[in-house]
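Only one structure is covered here, and it is reproduced in the block below.
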Amino acid sequence: MAETGEEEMMSAEASGFSDMSDSEFLEILDLEEANELGASLSKPGPSSELSRKDDKPISLPNWKRRLDILSPMERFHLKYLYVTDLSTQNWCELQMVYGKELPGFLTPEKADVLDTGASIHLARELELHDLVTIPITNKEDAWAVKFLNILTMIPTLQSEGCLREFPVFGEVEGVFLVGVIDELQYTAKGELELTELKTRKRPLLPLDAQKKKDCFQVSLYKCIFDAMVQGKVTPASLIHHTKLCPDKPLGPSVQRHAQQGGFSVKSLGDLIELVFLSLTLSDLPVIDTLKIEYIHQETATVLGTEIVAFDEKEVRGKVQHYTAYWMGHREPQGVDMEEAWKCRTCSYTDICEWKKGGGVLSSTLEPQAKKAK
DNA sequence: ATTGCTTAAGGG
């Protein structure tokens, strides 16, 4: 009965992040080439890719802002991060960076495992509600759909006690984070419990490194969700970080769905205020229990369950460390030597400057070496 | 364009 909309049909011009790349470091150019050769899923940009290499450096004034003095947030044109950006960063920071530079650079095998995982998650979501496709054309519409989902989900959680794919967003230690909580439900004791489902290709228990990353991920969800229901995620903060235009008229399909849901909103700003009120006045508790369930993809056998001991200080400390990279206060790091086994399954192991340098970014040590490609 | 731009998570 509880119908939930889901956005689709993203902007058709989302393809081009093409400029800028000309003045990347040499190793980035190498990566781009590798991407062309490899079986990349991402379709190329509209026209000028790397070929448009200008020969007139002096005629490009904004190139004075060299990429290496831009923070990663600026370099990747990011206004906010995904929760999973930070949890991937917890696994290997450099892998996360390569992932941002070369999106969609995965082996077919790995992509397969991810697809299977995504399908299992989708199937579980569909157990609880239908999905409706709403055509959208801009980010205001995309966020409006997210907000409409929240507005219908909160009463559903309070009446039915269970919910899947709940969107969360908010500032944590200075960065704005966006994510989706797998599952929320009230326990018999009336406490709110978050469950994160992790599916696994092989029927083995996760390693400690895996658990650590997943615990961090769900801890982030709790930080953000709690802040939302405590009124700490204000409309002003949301608008400031996302740069949404609260007065931009909503698209016709979004307006239609808002009406169908019984929400009379004239603008995105109205919708944001409504979400804020709903979050803070619905008697939602903070999350009491954090749980991770590992199941085998093929057989759905439960491989293990983790109850996470939430340590707010520890989580915030980690976030501060990770954001130091994003703000450009420090260079990215690869894994410690004792975790070098992670490189074995990494898509970027062949090009990784950390691995080549044996624990330091070789680009910072030997800037000349790469010329001899 | 003297610019702006994002579905999050998916698993190891």
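Order of the sequence lines sets the chain letters (A, B, ...), proteins ahead of strands, with each chain counted from 1. What you see below is based on every heavy atom in this structure, not just the backbone, and it leaves out hydrogens, waters and symmetry mates.
As judged by a 4.0 angstrom heavy-atom cut-off over every strand, A:Tyr221 is placed among residues touching the sugar-phosphate backbone only. In this structure, A:Leu207 reaches neither bases nor backbone, as no heavy-atom distance under 4.0 Å exists between it and the strands shown. Nucleic acid contact for A:Glu165: none, since no nucleic acid atom lies under 4.0 Å from a heavy atom of the residue. Counting any heavy atom pair closer than 4.0 Å across all strands shown, A:Arg200 reaches sugar-phosphate atoms only and no base atom. Nucleic acid contact class of A:Lys342 (heavy atoms, under 4.0 Å, all strands): none. Nucleic acid contact for A:Thr199: sugar-phosphate only, since backbone atoms but no base atoms lie under 4.0 Å from a heavy atom of the residue. Counting any heavy atom pair closer than 4.0 Å across all strands shown, A:Glu109 reaches no nucleic acid atom.
The base of B:dT7 does not come close enough to the side chain of A:Tyr82 for any donor and acceptor atom to sit less than 3.5 Å apart. The base of B:dG12 is not paired with the side chain of A:Lys201 by any donor and acceptor separated by under 3.5 Å. Judged by distance alone with a 3.5 Å cut-off, a donor-acceptor contact links the side chain of A:Gln95 to the base of B:dG12.
Nucleotides B:dA1 and B:dC5 have their C1' atoms positioned 13 Å apart, rounded to a whole Å.
Spacing between atom CD of A:Gln210 and atom C1' of B:dG10 amounts to 12 Å, rounded to whole angstrom units.
You'll find the ring centres of A:Phe166 and A:Phe225 inside the 6.0 Å limit. If you look at A:Trp143 and A:Phe147, their ring centroids are closer than 6.0 Å. Proximity of the aromatic rings of A:Tyr348 and A:Phe105 is defined here by a centroid distance below 6.0 angstrom, and this criterion is met. Side-chain rings of A:Phe216 and A:Tyr322 approach one another, their centers coming within less than 6.0 Å.
Here the nucleotide nearest the side chain of A:Lys146, chosen from B:dC5, B:dG10, B:dT7, is B:dT7. When distances run from any side-chain atom of A:His121 to the nucleotides B:dG12, B:dA9, B:dG10, the shortest one goes to B:dG10. Nearest nucleotide to the side chain of A:Lys213, out of B:dA9, B:dG12, B:dC5: B:dG12.
Distance CG/A:Leu268 to NZ/A:Lys139: 9.5 Å, rounded to 0.5 Å.
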